[in-house]
Amino acid sequence: MATTTGAKRGIWPMIRRIAASDRISGLIMLGFALAGLVLANLPLTAHAFEAVAETHVFIPHTNLDLPIGHWAQDGLLTIFFLTVGLELKQELTTGSLANPKAAAVPMLCAVGGMITPPILFLATTALFSQFGPGEPGSLILTTTGSSIPFAEMSHGWAVPTATDIAFSLAVLALFAKALPGSIRAFLMTLATVDDLLAIILIAVFFSSVNAWYWFIGIAVCAVIWAHLVRLKKVPWIAVVVVGILAWIMMFEAGIHPTLAGVLVGLLTPARVMHGEHSPRAERYADKLKPFSALLALPIFALFATGVHFESISPLLLLSPLVIALIVALVVGKPLGIIVTAWLATHVGGLKMAKGLRVRDMIPAAVACGIGFTVSFLIASLAYTNQELSAEARFGVLVASLIAAAISGVLLSRQSKRFEQAAAVAAAEAGAESDANTHSDELAEHPITLADGTESVEIDFRR
């Protein structure tokens, strides 16, 4: 029994350490995403994978009858959004977003980084619709030869708006060990605001509002949750039941149910109360991190990229939709961020963190082109056409990998420059310290001679 207990104590801390590592959790999610693409397209596994993804699971006496692939998207992903909501609440209360003046530049950069990609996406698809193969006003999918009207293709404008914070930080952890903390803090603030904007975007543009009385249910659940999580002793069974009811109400109301996680997360207290040592929002987010990073996100990525193509070939990379997403994420994201940062500091009179220049943000801005999680979700919501949805998710995966590769190279070089600069500064500080020590060792002793004159005796101390 003691051995079993010891093993449990050892396994859980190890799981938490893995989940806390941006590098490891990011690579795990990437591995699952690539596995989904392979399993859905290998002749030996494609049928079995599709059968699992399309197996329906229903809850009696409700409208909840979804295939497993959708449960991963609408159900498991709620854990991730709950973690996002808790972290947002902490940041808004005591974190980087608590002081809008200090966070003004990265907050504006998040807006610029969300506006520019859709513009480039629409511009690229419009060019293909006018000058590409097929009739003017339509686009040809290279894999199937299907003709898609520009109006339908343009529904994906929101796909490249989001930044995947987990992957972006994973790239920083892998390639940028010597970067100053101010760059990581800038990226964290930017990505946090990006998450908030993406949540608003999903709620506004990808929800179909149903009967009004479901919103009363959502409000009641929100009030009960806010009360329960403020009690000295939290009744967890009741909290879980209220959270599930809020999810169901969101689903029935026509709002994407994952936003229930954000709602209850934002209603969780983020200041110390009842004599506790840390805020509840911070503790809950920390406890949920392993389930979010190692369960919800990998399984979601597995099914999100698990789309079947009639033939996977280099022609997919020539698809107008894939090219538009690559341009939007790899070029549009960093362009929007850097231009906004320059305008905010050179025209708007705002200031970045001490010692940080706009050009220092270029490698991190490229890392913001890693769309992944939320981009996969929006791709599945934006297109009802399964061909478009599949190509959009493939485009997000390719664009994210390209952005990760480019930012990895740039961050590695930038990290080496900072490392060399730190080494030079340390050497200069050491030389100055040695000089000061040496001068301290030359002691001067004035001596008055018998004739009244003075001489100075220098004592060389060893």
Side-chain angles (χ1 to χ4, degrees), residues 57-66 70-95 97-98 192 195-204 206-292 295-296 300 377:
V57 177
F58 72 96
I59 297 177
H61 312 299
T62 69
N63 293 326
L64 294 169
D65 182 5
L66 301 171
H70 282 200
W71 276 112
Q73 173 184 295
D74 296 349
L76 271 180
L77 203 60
T78 305
I79 299 173
F80 165 72
F81 275 95
L82 174 55
T83 308
V84 169
L86 291 167
E87 291 175 344
L88 270 174
K89 181 60 179 290
Q90 197 62 55
E91 291 296 320
L92 289 165
T93 306
T94 60
L97 302 180
T192 302
D195 281 342
L196 181 59
L197 295 174
I199 290 162
I200 295 170
L201 188 148
I202 292 171
V204 173
F206 300 102
S207 298
S208 53
V209 177
N210 295 329
W212 59 270
Y213 48 79
W214 292 113
F215 290 92
I216 296 177
I218 294 170
V220 171
C221 288
V223 170
I224 296 174
W225 174 284
H227 172 69
L228 292 177
V229 293
R230 281 170 172 76
L231 295 175
K232 188 170 185 179
K233 189 175 181 181
V234 179
W236 284 110
I237 294 177
V239 167
V240 171
V241 170
V242 171
I244 293 173
L245 286 174
W247 186 92
I248 293 173
M249 300 287 181
M250 284 277 194
F251 182 88
E252 298 288 1
I255 300 173
H256 200 270
T258 53
L259 299 185
V262 180
L263 174 64
V264 296
L266 290 172
L267 293 172
T268 304
R271 296 190 187 278
V272 175
M273 57 193 307
H274 302 303
E276 296 168 342
H277 296 292
S278 58
R280 291 184 173 185
E282 182 182 314
R283 291 205 313 276
Y284 299 166
D286 186 54
K287 289 178 180 179
L288 281 171
K289 194 82 179 278
F291 299 100
S292 174
L295 178 68
F300 166 73
L377 175 59

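One-based numbering along the sequence shown.
- Considering only heavy atoms from C-beta on, Thr93 comes within 4.5 Å of Arg271 through its side chain.
- Between Phe291 and Leu82, the closest side-chain pair of non-hydrogen atoms is not below 4.5 Å.
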Decide side-chain contact (heavy atoms from CB on, under 4.5 Å) for Leu64 and Trp71; before the verdict, give the C-alpha distance in whole Å, the side-chain angles of both, and the deciding distance to 0.1 Å. CA-CA 10 Å; Leu64 294 169; Trp71 276 112; 4.2 Å; yes
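- Rounding to the nearest 0.5 Å gives a distance of 9.5 Å between CD of Glu91 and CD of Glu282.
- Taking both residues in full, the closest heavy atoms of Ser278 and Arg283 are given as O-NH1, 2.6 Å, listed atom of the first, atom of the second, then distance.
- A distance-only check finds no donor-acceptor pair linking the side chain of Ser292 to the backbone of Leu288 [under 3.5 Å].
- For Pro269 against Arg230, the heavy-atom pair with the smallest separation is CD-NH1, 3.9 Å.
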Step by step, work out the side chain to side chain donor-acceptor pair (under 3.5 Å) result for Gln90 and Thr94. CA-CA 6 Å; Gln90 197 62 55; Thr94 60; 2.7 Å; yes
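- At least one side-chain heavy atom of Ile199 sits under 4.5 Å from a side-chain heavy atom of Val84.
- Side-chain contact between Phe80 and Thr83 is absent, with no heavy-atom pair separated by less than 4.5 Å.
- A heavy-atom distance below 4.5 Å is not found between the side chains of Arg280 and Lys89.
- Proximity of Ile255 to Trp214: side-chain heavy atoms (C-beta onward) are nowhere separated by under 4.5 Å.
- Considering all non-hydrogen atoms of both residues, Lys287 and Pro290 come closest at O-CD, 3.3 Å.
- The CG atom of Leu92 sits 7.0 Å away from atom CG of Leu196, with the distance rounded to the nearest 0.5 Å.
- Of the residues listed (Leu267, Leu259, Leu266), the one engaging Leu263 in a side chain to side chain contact (heavy atoms under 4.5 Å, CB included) is Leu267, and it is the only one.
- Heavy-atom minimum distance, Glu87 versus Ala285: CG-CB, 4.1 Å.
- Around atom CZ of Phe206, more than 12 heavy atoms belonging to other residues, nucleotides or ligands sit under 6.0 Å away.
- For Ile79 against Ala296, the heavy-atom pair with the smallest separation is CB-CB, 4.2 Å.
- Phe215 pairs by the ring-ring contact (aromatic ring centres under 6.0 Å, His included) definition with nothing, not counting sequence neighbours.
- Closest approach of Leu377 and Phe300 over heavy atoms only: N-CZ, 3.9 Å.
- Note: Asp286 CG to Lys289 NZ = 8.0 Å, rounded to the nearest 0.5 Å.
- Within the structure, the side-chain hydrogen bond (donor to acceptor under 3.5 Å, both in side chains) test picks out the following pairs touching residues 246-270 (sequence neighbours left out): Asn63-Glu252, Asp74-His256, Thr78-Trp247, Trp225-Thr268, His256-Thr258.
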